[in-house]
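Predicted model, so just to flag it, every value in this text is computed and none were measured.
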Protein chains: 2
Amino acid sequence: MDSSKTRRDVRREETYQAIKAAAHQQMAAGGTAAVSLRGIAAHMRMSAAAIYRYFESRDALITALILDSFNALGDALEQAHHTAQGNAVQRLIAVLETYRAWAVAHPIDFQLIYGNPIPDYHAPPELTVPAVIRGFVVIIGLIEECLHSTHYTPRAPYAEIPPSMRERLEARIQQDGYTVSPLALYLGVVGWSQLHGIIMLELFNHLQPIVGDSAQYYTVQMHLMLSAFGLTMP
Amino acid sequence: MDSSKTRRDVRREETYQAIKAAAHQQMAAGGTAAVSLRGIAAHMRMSAAAIYRYFESRDALITALILDSFNALGDALEQAHHTAQGNAVQRLIAVLETYRAWAVAHPIDFQLIYGNPIPDYHAPPELTVPAVIRGFVVIIGLIEECLHSTHYTPRAPYAEIPPSMRERLEARIQQDGYTVSPLALYLGVVGWSQLHGIIMLELFNHLQPIVGDSAQYYTVQMHLMLSAFGLTMP
DNA sequence: TGTTAACAGTTTACACCGTTAACTAAATTT
DNA sequence: AAATTTAGTTAACGGTGTAAACTGTTAACA
């Protein structure tokens with residue numbers, strides 16, 4: 001045999017992806033509840049039951065979609081990292097703008113990642129955690145780079161980690177074998193939680209009635225935050 | 001007749017509330033998707049169709065639940081406002097702690113408010129916006145009070161509203177007839193979006209693996225934020 | 001190369017869902 | 001006491017995910 005990829009395997013992979021694509025399309029149009037096996041099947045001109053050859057259940061399909069979303073966000077961040085120009089601060093800003101841009105371009109996916117519709121349910125951590133880390137690592141790495149650059153001058157209160165958290169962060173770093181400084185991780189978390197709030201409120205249209213242009217609001221607040229961290233803005 | 005409350009009206013109100021209670025229970029157990037009219041009906045030992053005497057549709061039921069959640073949060077904040085002791089800053093802190101406490105105590109309701117889990121569905125703004133404002137007004141009012149107290153000394157970059165947003169905020173205030181200063185509204189939005197991010201990440205357990213004690217993290221970050229605003233912490 | 005086993009797909013059926021329509025029984029109003 | 005409003009019923013329709021039994025097709029092996 002020429003190799004592992006038999007004709008059938010190729011075809012299988014194709015329809016596997018086609019099912020996910022159709023499902024994703026339905027989801028983008030109407031949310032997770034709008035994903036219907038019969039609808040997908042009709043769109044692909046096959047019977048609904050056939051999907052069970054590819055996914056154990058509807059939940060399994062949606063789990064796969066969630067996983068794809070995790071990775072798509074990770075890809076977007078990594079790609080932004082690679083194409084970003086300028087000094088470390090400028091590149092950090094570019095990546096953080098990409099983060100929001102991806103969220104508003106893929107609101108359903110973003111929601112899937114950061115808000116599970118079903119209590120108790122958690123997408124398999126052994127798969128999602130690495131995906132989340134992929135994106136996180138880009139940002140933390142850039143922060144670390146910023147901290148070592150000439151564009152950083154320590155500035156209270158972000159020059160040091162709050163004593164109540166130091167130990168925990170250091171433990172986390174050692175446990176997972178990261179190669180970042182605790183301060184970079186701390187600033188990463190602080191930045192993440194702040195920007196996350198803005199994006200979430202924007203996605204649900206809670207922000208626009210007050211601030212108007214939410215993209216601008218995001219940019220402004222991000223810049224304020226980074227300079228509060230001690231970075232000199234370009 | 002003795003008055004407006006006929007025996008039937010009382011009974012109607014009772015089952016009306018009972019339906020919502022059952023729905024809320026189902027939702028807490030399995031998410032919004034798990035709210036089934038037949039399930040509720042079975043739990044109440046009546047037929048599913050009977051629910052249509054009380055709610056126009058399943059969506060209407062869920063809208064009622066959302067509205068209840070909005071009002072419950074508003075109640076909690078108003079009550080915290082009334083019972084809070086100390087100077088303006090201390091009372092503001094107390095209310096903001098209540099905000100998070102309510103969110104973690106009622107995660108489902110908080111999600112209903114800030115994370116629309118239902119595809120296509122948007123809660124009617126003419127009902128939700130006033131409910132949002134009720135809670136918001138408490139916080140903005142307290143900020144305003146802080147700004148006029150001896151515990152405030154303007155501090156860059158939060159001493160002024162970013163030029164790009166000034167006009168919009170002032171328009172909003174005039175349009176809705178609020179009696180707050182633009183700066184108080186601005187700081188309110190900034191604070192809201194920052195704290196919202198922390199709470200959201202906490203609700204989905206994204207924060208705890210990194211920071212450990214998320215309640216403490218919230219408190220620390222809130223204090224940092226308020227002193228960045230120019231408030232002197234007690 | 002012909003046989004066998006795995007596999008993609010079908011049809012059918014089941015239990016559940018929201019919703020509507022026609023109807024009954026009880027409470028209120030007149 | 002009669003008329004009317006209303007809370008409830010049952011039955012049905014079209015939709016859903018899913019399991020089982022079955023039918024061809026494809027790949028692997030003697």
Side-chain angles (χ1 to χ4, degrees), chain A residues 1-27 29-66 117-118 120-121, chain B residues 1-27 29-66 117-121 123:
Chain A
M1 270 296 99
D2 80 330
S3 82
S4 51
K5 269 190 192 175
T6 155
R7 212 156 295 164
R8 189 149 70 178
D9 289 352
V10 172
R11 212 166 116 56
R12 181 181 176 82
E13 181 63 19
E14 277 175 14
T15 72
Y16 177 78
Q17 296 298 338
I19 291 172
K20 284 200 298 185
H24 191 271
Q25 197 177 321
Q26 286 200 3
M27 185 178 72
T32 52
V35 175
S36 116
L37 297 191
R38 293 180 132 98
I40 296 168
H43 181 268
M44 299 182 64
R45 269 126 60 181
M46 57 185 226
S47 77
I51 296 178
Y52 284 79
R53 292 277 158 194
Y54 298 86
F55 297 93
E56 203 177 35
S57 67
R58 196 188 98 107
D59 270 14
L61 207 194
I62 291 184
T63 299
L65 291 183
I66 295 180
I118 301 151
D120 287 341
Y121 173 83
Chain B
M1 270 296 103
D2 79 331
S3 82
S4 52
K5 270 190 190 173
T6 155
R7 212 156 296 163
R8 188 150 69 180
D9 289 352
V10 172
R11 212 166 115 58
R12 182 181 175 81
E13 181 63 21
E14 276 175 14
T15 73
Y16 178 77
Q17 295 299 338
I19 290 172
K20 286 198 297 184
H24 192 273
Q25 197 177 320
Q26 284 202 2
M27 192 174 61
T32 53
V35 176
S36 113
L37 298 190
R38 291 181 134 97
I40 295 169
H43 181 267
M44 299 182 65
R45 268 129 57 184
M46 59 185 224
S47 78
I51 295 178
Y52 285 79
R53 294 276 161 199
Y54 298 87
F55 297 92
E56 203 177 35
S57 67
R58 181 179 175 273
D59 270 13
L61 206 193
I62 291 182
T63 299
L65 292 183
I66 294 179
I118 301 142
D120 281 340
Y121 172 88

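- Rounded to whole Å, atom P of D:dT26 lies 19 Å from atom CD of A:Glu13.
- The side chain of B:Ala49 approaches D:dA11 more closely than any other nucleotide in the set D:dA19, D:dA11, C:dA8.
- When the P atom of C:dT19 is taken as reference, atom CZ of B:Phe55 falls 13 Å away, rounded to whole Å.
- Among the nucleotides C:dA8, C:dT20, D:dT18, the one closest to the side chain of A:Arg38 is D:dT18.
- Looking at B:Arg53, its side chain comes within 3.5 Å of the base of D:dG8 through a donor and an acceptor atom.
- DNA chain C is contacted by both B:Ala48 and A:Arg12; A:Arg12 maps to the nucleotide lying nearer its 5′ end (nearest heavy atom per residue).
- Residues B:Gln25 and B:Ile40 form no side-chain contact, since every pair of their non-hydrogen atoms from C-beta on lies 4.5 Å or further apart.
- Rounded to whole Å, the distance from CG on B:Leu37 to P on D:dT16 is 18 Å.
- Between the CD1 atom of B:Ile19 and the C1' atom of D:dA7 there is a distance of 11 Å, given to the nearest Å.
- A:Met46 has its side chain within reach of A:Ile19: a pair of non-hydrogen atoms, C-beta onward, lies under 4.5 Å apart.
- One interatomic measurement links the two molecules: CD1 of A:Ile51 to C1' of D:dT18, which rounds to 12 Å at whole-angstrom precision.
- Backbone-only engagement by B:Tyr54 is indicated by non-hydrogen atom pairs under 4.0 Å involving sugar-phosphate atoms exclusively.
- With DNA chain D read from its 5' end, the first of the two nearest nucleotides for A:Gly39 and A:Glu56 is the one closest to A:Gly39.
- By the 4.5 Å heavy-atom criterion applied to side chains, B:Phe55 and B:Thr63 are not counted as neighbours.
- Rounded to an integer number of Å, the gap from A:Met46 CE to C:dT11 C1' is 14 Å.
- Atom P of nucleotide C:dC7 and atom CG of A:Asp9 are separated by 9 Å, given to the nearest angstrom.
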Could you walk me through whether B:Lys20 and B:His24 pass the side chain to side chain contact (heavy atoms under 4.5 Å, CB included) test, one step at a time?
CA-CA 6 Å; B:Lys20 286 198 297 184; B:His24 192 273; over 6 Å; no

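- For B:Arg11 and D:dG8, the shortest distance from a side-chain N or O to OP1 or OP2 is below 4.0 Å.
- Across D:dT10, C:dG18, D:dG8, the shortest atom-to-atom separation from the side chain of B:Ala50 is found for D:dG8.
- Whole-Å rounding puts the B:Tyr16 OH to D:dT6 C1' distance at 17 Å.
- Listed nucleotides C:dA8, D:dT6, D:dG8 differ in distance to A:Arg8; the shortest reach to its side chain belongs to C:dA8.
- Proximity note for B:Ser36 (side chain, C-beta onward) versus C:dT28, C:dG18, C:dA8: the nearest is C:dG18.
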Would B:Ile62 and B:Arg58 count as a side chain to side chain contact (heavy atoms under 4.5 Å, CB included) if you check the C-alpha gap in whole Å, the side-chain angles of each, and the deciding distance to 0.1 Å?
CA-CA 6 Å; B:Ile62 291 182; B:Arg58 181 179 175 273; 3.8 Å; yes

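- Each of D:dG8, C:dA8, D:dT18 was ranked by its minimum atom distance to the side chain of A:Ser57; first place goes to D:dT18.
- Residue contacts shown for B:Ser47 include a base, since a base heavy atom lies under 4.0 Å away.
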